[in-house]
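First the structure, in the form of structure tokens, and then the observations on it.
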Number of protein chains: 2
Amino acid sequence: MTDKRQRILAAALQLFCQNGFQNTSTAAISKQAGVATGTLFLYFKSKDELINSLYKETKNAFAGYVQQGINAEATVKTQLLQSWRNAANWALEHVNHFRFLAMFGNSPFIASLTKEEAANEFIFLQDLIAKAVTEEWVTTIDLDLFLALFSGQLHATVSYLNQHAGRVDKDSAIQQAFDVFIKGISRH
Amino acid sequence: MTDKRQRILAAALQLFCQNGFQNTSTAAISKQAGVATGTLFLYFKSKDELINSLYKETKNAFAGYVQQGINAEATVKTQLLQSWRNAANWALEHVNHFRFLAMFGNSPFIASLTKEEAANEFIFLQDLIAKAVTEEWVTTIDLDLFLALFSGQLHATVSYLNQHAGRVDKDSAIQQAFDVFIKGISRH
DNA sequence: CTATAAACTGACTAATCAGTCAGTAATGTA
DNA sequence: TACATTACTGACTGATTAGTCAGTTTATAG
């Protein structure tokens with residue numbers, strides 16, 4: 001029953017976001033997941049491995065969602081917008097997942113190998129941005145800086161929407177933030 | 001000797017960034033700081049209080065630096081650029097401090113009260129941005145979204161520079177990222 | 001129905017850690 | 001000099017925790 005593995009991951013995610021990392025024991029995770037303490041260690045060699053697996057799988061789920069329904073025939077700008085919308089919507093529908101990624105993304109808790117592995121899933125986005133940079137309408141800018149700004153703006157937008165949930169129109173804020181980004185990197 | 005208090009904070013910062021939070025014991029912090037374990041608890045009621053103090057004081061030091069040398073008579077755009085440069089330079093000169101802020105900023109480790117207290121130091125930036133929004137050259141945009149985008153872009157730029165330290169020209173990248181931001185929020 | 005294997009359990013343990021406190025050193029005061 | 005106050009020390013402890021493992025249940029096969 002791989003069902004238990006998922007239950008453990010879900011319980012860990014919830015408790016990490018709720019109580020922080022240090023205040024969440026493996027016993028608490030097991031209890032929340034409805035399994036014995038020993039079972040956790042059947043699926044994950046250690047608490048560390050559990051965390052790294054959670055990070056990797058969460059990031060990959062995110063990356064997978066961002067690519068959904070993208071029309072490769074469309075203009076680069078349209079594809080960027082579609083990715084942008086996907087990412088924002090995923091983040092808003094998976095608040096805890098997104099929070100977890102933000103919490104542990106720059107932390108030494110996550111082994112650097114895990115980080116690289118997860119980053120590979122975003123190559124399609126890098127390709128898209130690389131293509132944009134070669135096009136005339138984009139200002140002269142380093143590819144990596146472009147990528148950093150893209151994800152930075154996206155992250156800021158999602159944080160804003162989470163803090164103002166319900167009080168502002170989601171779709172129009174997403175569009176507005178995208179427009180600001182596109183205008184910023186446009187040559188004219 | 002309040003010197004010891006600073007030594008404890010400095011040691012905590014270094015070890016948190018190096019080994020993460022859970023893998024840093026109060027004994028290790030004390031040893032690194034060159035004081036007895038008991039001394040740490042003279043200056044901080046608990047490990048939790050130490051972390052919250054470190055966060056608060058780091059954020060305040062950052063906020064203080066960002067405001068330095070700002071000419072209140074200058075245009076809003078010029079003041080924003082000056083703040084932007086200050087923030088980027090501080091972050092690049094205090095890599096661990098910045099890393100720590102990023103690591104624990106969205107985490108439940110930090111009491112929400114501490115967060116609010118630290119955020120108050122950035123009111124001057126909010127005022128500056130509020131003033132910008134009322135000016136004609138800025139596109140119609142919610143004040144909080146503007147603030148989120150500003151810090152998001154800044155954070156992205158600093159992350160980029162930390163990852164490419166030495167390989168790119170620092171000042172020109174800071175300027176370039178600022179130009180992208182200003183262009184993005186400009187009406188024309 | 002029986003035998004074998006695989007999944008699971010939870011009481012247990014060795015290790016670690018936050019925080020204490022009785023005692024010592026340093027500093028100030030008269 | 002003696003006395004008082006404050007700063008500091010580090011061995012110690014009660015509590016917690018990651019991880020184990022001997023035994024039990026469940027699934028699979030002959």
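The basis for the numbers below is simple: all heavy atoms, side chains too, and nothing from hydrogens, waters or symmetry mates. Just so it is clear: chains get the letters A, B, ... in the order the sequence lines come, proteins before strands, and each one is counted from 1.
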Expressed as a whole number of angstroms, how long is the span from A:Lys31:NZ to C:dT9:C1'?
16 Å
A:Tyr65 and A:Asn89: side chain donor to acceptor below 3.5 Å
no
In whole angstrom, what separates A:Arg5's CZ from C:dA6's P?
19 Å
Can you pull every protein N or O that's under 3.5 Å from an N or O on nucleotides 10-13 of chain C?
{"residue": "C:dG10", "atom": "N7", "partner": "A:Thr37", "partner atom": "OG1", "Å": "3.3"}
{"residue": "C:dG10", "atom": "N7", "partner": "A:Gly38", "partner atom": "N", "Å": "3.4"}
{"residue": "C:dA11", "atom": "N6", "partner": "A:Thr37", "partner atom": "OG1", "Å": "3.2"}

Starting the side chain at C-beta, find the nucleotide from C:dA18, C:dT9, D:dA18 nearest to A:Leu42.
C:dT9
Going through the distances and angles, do B:Phe62 and B:His94 end up as a ring-ring contact (aromatic ring centres under 6.0 Å, His included)?
CA-CA 9 Å; B:Phe62 179 43; B:His94 302 79; 9.1 Å; no
Roughly, in whole Å, what's the span from CD in B:Glu49 to P in C:dG19?
10 Å
Atom CD1 of B:Ile8 to atom P of C:dA18: distance rounded to whole Å?
14 Å
For DNA chain C, which residues in residues 9-29 of chain B have a heavy atom at a distance below 4.0 Å?
B:Thr24, B:Ser25, B:Thr26
Note: for A:Ser46 and B:Gly34 on DNA chain D, the residue whose nearest nucleotide lies more 5' is B:Gly34
Separation of atom CZ in B:Phe41 from atom P in C:dG19, rounded to whole Å
5 Å
Give the rounded distance in Å between these two atoms: NZ of A:Lys47 and P of D:dG19.
8 Å
Kindly write out the residues that satisfy salt bridge (Lys or Arg N to Asp or Glu O under 4.0 Å) with A:Lys56, not counting sequence neighbours, or none if the list is empty.
A:Glu117
Counting neighbours of CD on A:Glu73 that are heavy atoms of other residues, nucleotides or ligands and sit closer than 6.0 Å, is the number greater than 12?
no
Salt bridge between B:Glu57 and B:Arg5, side-chain N to carboxylate O under 4.0 Å?
yes
So, is A:Lys4 close to the C:dC8 phosphate, meaning a side-chain N or O under 4.0 Å from OP1 or OP2?
yes
Whole-Å gap separating C1' (D:dG19) and CG (A:Asp48)
13 Å
Atom CZ of B:Phe44 and atom C1' of C:dT20 are separated, to the nearest Å, by 18 Å
Non-neighbouring partners of B:Lys183 that pass salt bridge (Lys or Arg N to Asp or Glu O under 4.0 Å), sequence neighbours left out:
none
For B:Tyr43 and D:dA7, is the shortest distance between a side-chain N/O and OP1 or OP2 below 4.0 Å?
no
Where at least one partner belongs to residues 131-154 of chain B, residue pairs that pass ring-ring contact (aromatic ring centres under 6.0 Å, His included), sequence neighbours excluded
B:Trp84-B:Phe150, B:Phe146-B:Phe181, B:Phe150-B:Phe181
Expected output: side-chain A:Arg187 to main-chain A:Val138 donor-acceptor under 3.5 Å:
yes
Side-chain polar contacts of residues 8-23 of chain B - donor-acceptor pairs under 3.5 angstrom, sequence neighbours left out - could you list them?
{"residue": "B:Gln14", "atom": "OE1", "partner": "B:Gln32", "partner atom": "NE2", "Å": "3.1"}
{"residue": "B:Asn23", "atom": "ND2", "partner": "B:Asn19", "partner atom": "O", "Å": "3.3"}

